[in-house]
Amino acid sequence: MASPESASEEAREIILGIYAEFAQRPSELFDYFEHAGFDASVIPFARDLPAAWLGFYRIKPGIYDLSAALEHLHTWPPIAAEIERRLSNR
């Protein structure tokens with residue numbers, strides 16, 4: 001069983017990975033932020049976005065709401081449509 005520290009680090013890395021994936025597609029990045037309820041307009045510098053993104057999901061120091069991050073990801077319309085397509089092909 002993973003220690004709480006490693007589980008928290010894993011959650012942190014997954015949340016940053018979601019950001020990094022969307023950062024590779026700038027045309028979708030801000031639409032995804034809006035979908036998740038993250039107001040990037042209050043972030044003054046692009047270099048601060050990853051830390052602010054983590055802060056959006058931070059419950060308390062070192063603890064992140066991975067469930068919310070994954071809920072936002074799987075309800076993102078392109079991903080939700082792909083999940084539905086795959087489930088209907090079973």
Side-chain angles (χ1 to χ4, degrees):
M1 181 170 194
S3 71
E5 293 82 18
S6 65
S8 183
E9 183 62 26
E10 183 178 11
R12 180 184 183 281
E13 293 303 316
I14 290 169
I15 291 167
L16 282 175
I18 293 168
Y19 169 81
E21 185 65 33
F22 277 97
Q24 297 298 314
R25 299 188 306 274
S27 63
E28 293 182 14
L29 179 63
F30 287 90
D31 290 339
Y32 187 74
F33 284 167
E34 185 177 329
H35 167 77
F38 176 70
D39 184 4
S41 70
V42 300
I43 311 304
F45 303 104
R47 69 177 180 260
D48 297 331
L49 282 170
W53 181 247
L54 271 178
F56 180 65
Y57 290 108
R58 187 174 294 117
I59 296 170
K60 61 183 182 179
I63 306 295
Y64 301 93
D65 190 348
L66 184 57
S67 294
L70 295 177
E71 177 73 15
H72 294 147
L73 186 62
H74 96 260
T75 59
W76 173 242
I79 292 174
E82 181 63 15
I83 291 168
E84 180 63 31
R85 185 187 71 75
R86 290 178 183 223
L87 289 174
S88 68
N89 287 336
R90 283 187 170 183

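One-based numbering along the sequence shown.
Here the shortest heavy-atom pairing between Ala69 and Tyr32 reads O-OH, 4.0 Å. His74 and Ile79 get closest at one heavy-atom pair: CA-CG2, 4.0 Å.
Atom CD of Glu82 sits in a crowded spot, with more than 12 heavy atoms from other residues, nucleotides or ligands closer than 6.0 Å.
Under the side-chain hydrogen bond (donor to acceptor under 3.5 Å, both in side chains) criterion, Ser41 pairs with Asp39, sequence neighbours left out. Residues satisfying the salt bridge (Lys or Arg N to Asp or Glu O under 4.0 Å) criterion with Glu28, sequence neighbours excluded, are Arg25.
Here CG of Leu73 is found 9.0 Å from CD of Glu21. Values are rounded to the nearest 0.5 Å. Distance NE2/His35 to CZ/Phe22: 8.0 Å, rounded to 0.5 Å. Distance check: Arg86 CZ to Arg90 CZ gives 10.5 Å after rounding to the nearest 0.5 Å.
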Quick one, Phe38 with Phe30, criterion side-chain contact (heavy atoms from CB on, under 4.5 Å). Give me CA distance, side-chain angles, the key distance, then yes/no. CA-CA 9 Å; Phe38 176 70; Phe30 287 90; over 6 Å; no

Report, one line per pair, each donor and acceptor closer than 3.5 Å where one atom sits in a side chain of residues 44-64; sequence neighbours left out.
from, atom 1, to, atom 2, distance (Å)
Trp53, NE1, Ile15, O, 3.1
Tyr57, OH, His72, ND1, 2.6

